Amino acid sequence: MKPRFAPLAVALALSALFSAPAFAAKDVVAAVASTFTTMDPYDANDTLSQAVVKSFYQGLYGFDAKMKMVPVLAESYVASKDGLVYTVKLKKGIKFHDGTDFNAEAVKANFDRVTNPDNKLKRFILYKNITKTEVVDAATVRFTLKEPFSPFINSLAHPSGVIISPAAMEKYGKAIAQNPVGTGPFKFVEWKPSDYLKVEKFAGYWRKGYPKVDTITWRPVVDNNSRSAMMQTGEAHFTFPVPYEQAEILKAKGIALDAAPSIVHRYLSMNTQQKPFDNVKVREAVNYAINKEALAKVAFSGYAIPAEGVLPQGVEFANKLGPWPYDPAKARALLKEAGYPNGFETTLWSAYNHTTAQKVIAFLQQQLAQVGIKVQVQALEAGQRVEKVESAQDPATAPVRMYYVGWSSSTGEADWAMRPLLASESFPPKLFNTAYYKNDAVDADISKALNTTSSAEKTKLYTDAQQRIWKDAPWAFLVTEKLLSAHSKGLTGMHVMPDASFNFDEIDLK
């Protein structure tokens with residue numbers, strides 16, 4: 001028999017269903033400045049993409065909101081005396097979003113994938129020192145390294161080092177980049193690259209009581225003013241970065257602002273393999289031609305400081321070497337000495353197309369023009385960045401000349417702040433040495449530092465490397481920015497970390 005309900009009872013039930021505030025969904029909207037390149041962290045080349053995948057992916061280790069390393073899917077580890085073997089104990093009883101088990105086999109599958117050069121994953125270089133990954137038992141995995149590597153556990157904490165469901169990798173193949181399946185607090189719903197990425201609460205999440213919100217919708221909004229407007233109208237609960245010039249306006253509207261210290265440095269790389277930037281005097285001239293104090297005020301509304309060295313303060317083993325002085329007269333003299341008394345013409349690309357980046361490259365264009373360097377500027381979209389810069393196969397024909405970009409060491413150590421950007425092994429498409437800079441002594445310093453656990457020896461090696469790089473000037477060293485974010489008064493537990501990634505383990509909406 002079919003159950004029968006009185007019309008009044010049905011009406012009352014429906015009324016309760018649609019009006020009860022206790023059952024209202026907690027849907028968070030986060031507006032960010034750029035589009036995402038991929039949902040595969042092992043193949044991601046930007047901090048933002050790796051930040052948002054924390055919604056559904058986790059690694060063995062990670063960082064808390066203050067960049068302190070913490071175990072996540074791991075319980076503990078033991079390193080051998082020779083520094084070649086790391087045995088990691090895993091948490092038990094964890095499920096992937098597809099219902100399969102997280103275990104040592106899953107860990108092995110992921111690191112076998114990234115360490116196979118045939119897969120050509122961008123983060124191969126971060127893990128290529130792993131010679132083999134072995135299953136000891138279901139809850140124990142053993143990593144054997146080719147050579148001692150002192151920051152190995154830090155590299156496991158890097159946001160790329162996540163554990164993807166092996167069943168999903170087999171099912172989707174290369175399309176796993178569009179179909180993520182992890183162990184994180186949220187599971188993937190939908191990704192429309194130019195519009196949004198949506199995730200929803202994973203009911204089977206291993207941390208009981210979490211997550212505290214039902215969905216997060218990540219919206220890439222390139223225009224600074226549009227992101228600010230979304231905060232003012234309540235269309236977004238969180239935004240990063242905040243348009244610096246609008247900080248006071250948002251504050252007056254009752255929107256909470258956070259200006260966090262960062263290890264994000266902004267620089268202008270110059271292709272040292274091609275004229276005119278193969279001449280160190282030209283590169284020095286570019287550094288002297290740019291007023292970094294003015295750049296910080298014009299483009300960042302004072303929420304930045306001139307770069308004080310190759311690495312920003314806050315990265316372990318960073319040296320303070322600058323800032324590089326502003327001296328346009330010296331810049332013109334150096335250009336004359338280099339054989340360019342009337343300057344030259346070139347191109348300047350930006351790795352970002354948001355409003356702040358556009359202000360930066362317009363400022364750089366104006367500053368360089370004053371010393372005779374005429375640049376055509378272009379702000380690249382994510383796809384253009386990958387195609388034009390990061391996928392170039394040959395330094396001799398790479399189209400990049402001057403390139404405005406930024407970097408943060410997501411392991412907190414000098415190695416990952418230098419090796420991907422300034423070692424000769426890191427030319428695109430392997431990594432991000434877009435200056436195509438090569439100095440044998442710097443390469444040797446970086447290599448030796450990886451093989452010692454002595455802090456004093458590391459200090460000596462990294463100091464020598466930074467001093468050589470500063471003198472060679474493969475970059476124009478610009479600014480270290482402060483990380484300005486905004487959130488609605490009802491949103492808690494959403495933080496921007498010093499590397500410009502996000503921590504939202506405790507996110508809640510009231």
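Atom set for the values below is all heavy atoms of this structure, side chains included, hydrogens, waters and symmetry mates excluded. None of the values given here were measured: they were computed from a predicted structure.
Asn129 and Glu147 are not linked by any side-chain donor-acceptor pair at a separation below 3.5 angstrom, with hydrogens and angles left out of the test. If you check the side chains of Ser150 and Lys458, you find a donor sitting under 3.5 Å from an acceptor. Side chains of Thr452 and Glu457: a donor-acceptor N/O pair is absent below 3.5 angstrom, by distance only. Asp43 and Thr38 share no donor-acceptor pair across their side chains, judged by distance under 3.5 Å alone. Asn110 and Arg113 share no donor-acceptor pair across their side chains, judged by distance under 3.5 Å alone. Inspection of the Tyr127 and Ser160 side chains reveals an N or O donor paired with an N or O acceptor under 3.5 Å. No side-chain donor-acceptor contact under 3.5 Å links Glu413 and Ser409.
By the neighbour-count criterion of 12 heavy atoms within 6.0 Å, atom NZ of Lys471 is sparsely surrounded, having that number or fewer from other residues, nucleotides or ligands. Residue Lys54 places its NZ atom among more than 12 non-hydrogen atoms of other residues, nucleotides or ligands, all under 6.0 Å distant.
With hydrogens and angles disregarded, a donor-acceptor distance shorter than 3.5 Å links the side chain of Asp223 to the backbone of Asn225. Of the possible donor and acceptor atoms, none in the side chain of Glu235 sits under 3.5 Å from a partner among the backbone N and O of Ala31. In this structure, Arg468 contributes its side chain and Val442 its backbone to no donor-acceptor pair below 3.5 Å. Ser426 places no side-chain N or O within donor-acceptor distance of the main-chain N or O of Leu422, the cut-off being under 3.5 Å. Without hydrogens or angle criteria, Asn154 side chain to Gly412 main chain gives no donor-acceptor distance under 3.5 Å. The main-chain N or O of Gly339 is never found under 3.5 Å from a side-chain atom of Lys281 such that the two would form a donor-acceptor pair. Side-chain atoms of Gln466 come within 3.5 Å of backbone N or O of Asn319 as a donor-acceptor pair. Checked by atom type and distance alone, the side chain of Tyr437 never pairs as donor or acceptor with a backbone atom of Met270 at under 3.5 Å. Between the side chain of Trp407 and the backbone N or O of Trp416, at least one donor-acceptor pair lies under 3.5 Å. Checking side-chain atoms of Ser408 against main-chain N and O of Val264 turns up no donor-acceptor pair under 3.5 Å.
Applying the side-chain contact (heavy atoms from CB on, under 4.5 Å) test to Lys430 and every residue at least two apart in sequence or in another chain returns nothing. Listed by chain and number, the residues in a side-chain contact (heavy atoms from CB on, under 4.5 Å) with Ala379 are Ser350, Asn353, Gln358, Ile361 (sequence neighbours excluded). Looking at residues two or more places apart in sequence or on another chain, you find a side-chain contact (heavy atoms from CB on, under 4.5 Å) between Ala307 and Phe477.
For residues 481-503, the salt bridge (charged side-chain N to carboxylate O under 4.0 Å, His left out) pairs, not counting sequence neighbours, are Arg266-Glu481. Sorted by first then second residue, the salt bridge (charged side-chain N to carboxylate O under 4.0 Å, His left out) pairs that include residues 316-334, not counting sequence neighbours, are Glu308-Lys320. Applying the side chain to side chain donor-acceptor pair (under 3.5 Å) definition to pairs two or more places apart or across chains, none involves residues 361-381.
In this structure, the separation between NZ on Lys275 and OH on Tyr340 is 5.5 Å, given to the nearest 0.5 Å. With rounding to the nearest 0.5 Å, the separation of OH in Tyr303 from CG in Leu483 is 12.5 Å. Atom-to-atom distance recorded for Thr434:OG1 and Glu390:CD is 9.0 Å, nearest 0.5 angstrom. Between Asn503 atom CG and Met67 atom CE the span is 11.0 Å, to the nearest 0.5 Å. Rounding to the nearest 0.5 Å gives a distance of 8.5 Å between CD1 of Ile255 and OG of Ser488. Taking CZ of Phe363 as the reference point, atom CG of Leu478 lies at 9.5 Å (rounded to 0.5 Å).
Here the closest non-hydrogen pair linking Gly406 and Tyr352 is N-OH, 2.7 Å. In plain terms, the two heavy atoms of His265 and Pro312 that are nearest each other are ND1-CD, 3.5 Å. Of all non-hydrogen atoms in Ala299 and Thr356, the two that sit nearest each other are O-CG2, 3.6 Å. The minimum heavy-atom distance linking Val213 with Leu509 is given by the pair CG1-N, 3.7 Å. Smallest separation of non-hydrogen atoms from Ser391 and Pro429: CA-CB, 4.1 Å. Residues Thr37 and Ser49 share a closest heavy-atom pair of N-OG, 2.9 Å.
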**Study point:** Pair Tyr462-Met418, side chain to side chain contact (heavy atoms under 4.5 Å, CB included): steps then yes or no
**Key:** CA-CA 9 Å; Tyr462 284 132; Met418 297 174 65; 3.8 Å; yes

Exercise for review: Using the side chain to side chain contact (heavy atoms under 4.5 Å, CB included) rule, take Glu506 and Thr492 through it: C-alpha gap first, then chi angles, then the decisive distance, then the call.
Suggested key: CA-CA 7 Å; Glu506 301 290 331; Thr492 58; over 6 Å; no

Check your understanding: Going through the distances and angles, do Tyr436 and Ser269 end up as a side chain to side chain contact (heavy atoms under 4.5 Å, CB included)?
Key -> CA-CA 9 Å; Tyr436 293 95; Ser269 71; over 6 Å; no

Exercise for review: Could you walk me through whether Val52 and Ile216 pass the side chain to side chain contact (heavy atoms under 4.5 Å, CB included) test, one step at a time?
Suggested key: CA-CA 10 Å; Val52 301; Ile216 301 178; over 6 Å; no

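Asp415 and Arg419 are joined by a salt bridge, as a carboxylate oxygen and a charged side-chain nitrogen come within less than 4.0 angstrom of each other. Between Asp464 and Lys460 no salt bridge is recorded (no basic side-chain N to carboxylate O distance below 4.0 Å). Using a cutoff of 4.0 Å between basic side-chain nitrogens and carboxylate oxygens, Lys251 and Glu248 are scored as salt-bridged.
Side-chain contact check for Phe149 versus Ser155: some heavy-atom pair is nearer than 4.5 Å. Counting heavy atoms from C-beta outward, Ile469 and Pro474 have side chains that approach closer than 4.5 Å. Considering only heavy atoms from C-beta on, Leu335 comes within 4.5 Å of Ile373 through its side chain. Using a 4.5 Å heavy-atom threshold, the side chains of Pro420 and Ile125 count as separate. For the pair Asn271 and Tyr403, the minimum side-chain heavy-atom distance is 4.5 Å or more. Contact of the Met39 side chain with the Phe56 side chain is registered, since non-hydrogen atoms from C-beta on lie closer than 4.5 Å. Annotation: side chain of Leu380 is in contact with side chain of Val389 (closest heavy-atom distance under 4.5 Å). A 4.5 Å side-chain heavy-atom check between His158 and Leu126 finds at least one atom pair inside the cut-off.
Aromatic rings of Phe277 and Phe344 (six-membered ring for Trp) have centroids within the 6.0 Å cut-off, being under it.
Taking the six-membered ring where the residue is Trp, Phe504 and Phe186 present tilted rings, their angle falling between 30° and 60°. Relative ring orientation between Phe238 and Phe502 is described as perpendicular, the plane-to-plane angle rising above 60° on a 0-90° scale split at 30° and 60°.
Tested against Trp324, the residues Tyr267, Trp475, Trp470 include a single ring pair (Phe, Tyr, Trp, His ring centres under 6.0 Å) partner, Trp470.
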